[in-house]
Amino acid sequence: MSENVALNFVDRLVYEDKENRNIDKVVTRFPPEPNGYLHIGSAYAINISYGIAKKYGGQFNLRFDDTNPMKEDMEYVHAIIEDMAWLGCDYGKEPFFGSDYSKQIFDYATFLIRQGKAYVCDLTMEEMRTYRGTLTESGKNSPYRDRSPEENLKLFEDMRLGLVDEGVRVLRAKIDMESPNLILRDPVIYRVLKEKHYRTGSEWCIYPMYDFAHPIQDYIEGVTHSLCSNEFINHRPLYDWVLDALDLKGVLPRQIEFGRLNLTGVVTSKRYLKQLVDSGILDGWDDPRLPTIKGLRRRGVTKEAIFDFVNEIGVPKTSTTVDYKMLEHFVRQDLKEKVMCLMMVQSPLKVVITNLEETEYVDVDNHFSNPEFGSRKLPFTKELYIEREDFCEQPSKKFKRLSPGEEVRLRSAYFIKCNEVIKDDQGEVVELRCTYDPATKSGSGFNERKPKGTIHWLSASDVTKCTVRLYEDLFLEEPSDDQLVESINMNSKKVYEDALVERSILKFIDQGEKRFQFIRNGYYVVDKELTTKELLVMNQIVSLKSNF
RNA sequence: UGGGUAGUCGCCAAGCGGUAAGGCACUGGACUUUGACUCCUGUAUGCGAAGGUUCGAAUCCUUCCUACCCAGCCA
């Protein structure tokens, strides 16, 4: 055994447990309910369980926790499988389904009944709430608590046969109505649900509750460490109670909880996500502003960046709210070495080089530091475009771009000097007349003057139009429960329909490149959904950092 | 007011009785044909608070304070 370098407290617990209980194969699992889409918080949870399994050479399962026919759907199963594949987490050949264990779980329930540890209860929901007591007052026993195993068996069978209506009777574990932990006050472990299940159809009309099903599912799969988020910490005694009451043999699973991950500027709960998508303000589950895996993917975030990010966060014991900037950092970090650098202008401003007649081709590096990316030729012509924001008629002293009478370098080309500003009737600048200095050619070593700055540009003869979409935080402040939709930052999406990008991008896209750095603008990805033969649509993945 | 979990820089987070790692963000500077990248630089005499034990405490003890979770026939 190699020396254990504990990554976090979960790792440490697993390591000790592995030694103490002589576990030779660590098995973990990720158990999503197929009632929504995976998101960054899921990736974080997956990474913890997957990471542990991988570290100990064990096994990692994907299991659909589908014991509630009211909420689950095959659509989500497919979506989750697709996202898992994209994330590249290997969970063996096939995913598992909790619903495949229906019969076994049912048999365990009858075992419990025979042991006198579970009973059928006729209390209504309201009555049960009353009997349960409160946080400070203990509960009292159900009048049905002492039914005989025989009677319970019969009643439970009636439930299974569909002879009992929903809400009329449930199966409860007989634990302790006086427990200070409300979870242990005779929890319901089976209820009647006559809804069609998306996989088992109407084969069953009773379904186990999470607290009963989960430990059994874990046990059946040989899961040794059932890692889940903090909200289940109060459930652990019940998890252990079930395992113990069932008198199971072999290595029993152990539940360990970790803190949830929250990100500033976004929400991750399925309920909120659904509300947002349903509001119609977003463009669906894969809206690039959403922290869903599909959204992040469409946004252009790489899985490498996601995993670097969640790994850096570690495994906290309490829930945390991490600054979104940290994710952005890892996105830039990942992309900067991977993608080529092209030039794009979001809001073009025409520039005419008055002293240039003949087109000249200049050599432009495809990457800011890595020569392996090669270079390309770009035409330097009389008519150019620059970024509207790179010109200012009355600049402040700190402005390091183009202004009247000042000189800047066009990247990889020449210095240009602005001599004349042409405006339309409204007084808006529509064109700049500039001269270039042939002596200042890029690479010539010219250093007699320093330009104000270096800006990017495009030749009017060598552009292709594209739509560029920029994103900001979906929420500027933590939204409250009832103000979720109202709290949406309506400026979170900005669309530039008149953006121009150098034509060479089309060639690179054909060669399979989807992500680029647009110099001085940021990292962008081709939007697969919106891009057509006629129209190129790009999403900004993340901007470049800027001190300006 | 019951039970549970947790409090280390603005945000994450190491630390596990020997004198406060690291990352993000931010500062200042160097470099620069991306105001990028990179590289330096600075940033908790302080670890929720107060006591105590100890030669020595973020680490052990006591009390207190704060936050989060639990009263679904959801997961």
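Naming convention: chains lettered A, B, ... in sequence-line order (proteins, then strands); numbering from 1 in each chain. Predicted model only: the values in this text are computed from it and were never measured.
- Taking the side chain of A:L544 as heavy atoms from C-beta on, and the options B:U34, B:C12, B:G2, the nearest nucleotide is B:U34.
- Scanning atom types as modelled, no donor and acceptor separated by under 3.5 angstrom connect the side chain of A:E257 and the base of B:U5.
- Going from atom CD of A:E312 over to atom C1' of B:C24 covers 8 Å, rounded to whole Å.
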**Asked** When you look at A:R401 and A:E387, which way does the salt bridge (Lys or Arg N to Asp or Glu O under 4.0 Å) test go after all the steps?
**Response** CA-CA 10 Å; A:R401 308 175 186 182; A:E387 201 74 71; over 6 Å; no

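- For A:Y324 and B:G23, the OH to P distance is 23 Å, given to the nearest whole Å.
- The salt bridge (charged side-chain N to carboxylate O under 4.0 Å, His left out) contacts involving residues 128-141 of chain A comprise nothing, where partners must be two or more places apart or lie in separate chains.
- Listed for the A:S138 side chain is no donor-acceptor partner under 3.5 Å among the backbone atoms of A:E178.
- Atoms CG (A:L7) and C1' (B:G22) sit 14 Å apart, rounded to a whole Å.
- Side-chain proximity of A:P316 to the nucleotides B:G35, B:A13, B:A25 is greatest for B:A13.
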Assess whether salt bridge (Lys or Arg N to Asp or Glu O under 4.0 Å) is satisfied between A:R515 and A:D334, documenting all intermediate values. CA-CA 12 Å; A:R515 296 185 180 85; A:D334 180 45; over 6 Å; no

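- Between the CZ atom of A:F330 and the P atom of B:A13 there is a distance of 13 Å, rounded to whole Å.
- Regarding contacts with the backbone of B:G23, every side-chain N or O of A:K325 stays at 4.0 angstrom or more from both OP1 and OP2.
- Among the protein residues, A:K400 comes within range of the nucleic acid bases, having at least one heavy atom under 4.0 Å from a base atom.
- In this structure, the side chain of A:H39 engages the main chain of A:T268 through a donor-acceptor pair within 3.5 Å.
- Within 4.0 Å of A:S412, counting heavy atoms only, lies at least one base atom of the nucleic acid.
- Contact annotation: A:K545 side-chain N/O to B:U34 OP1/OP2 distance is not under 4.0 Å.
- In this entry the distance linking CG of A:L327 with C1' of B:G23 reads 14 Å, nearest Å.
- Looking at heavy-atom distances under 4.0 Å, A:I313 makes contact with sugar-phosphate atoms alone, never a base.
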Contact string for nucleotides 66-75 of chain B, one letter per nucleotide 5' to 3', B = base within protein heavy-atom range under 4.0 Å, S = sugar-phosphate only, - = neither, reads ---BBBSBBB

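- Within 90° of 0 lies the glycosidic angle of B:G72, which makes this nucleotide syn.
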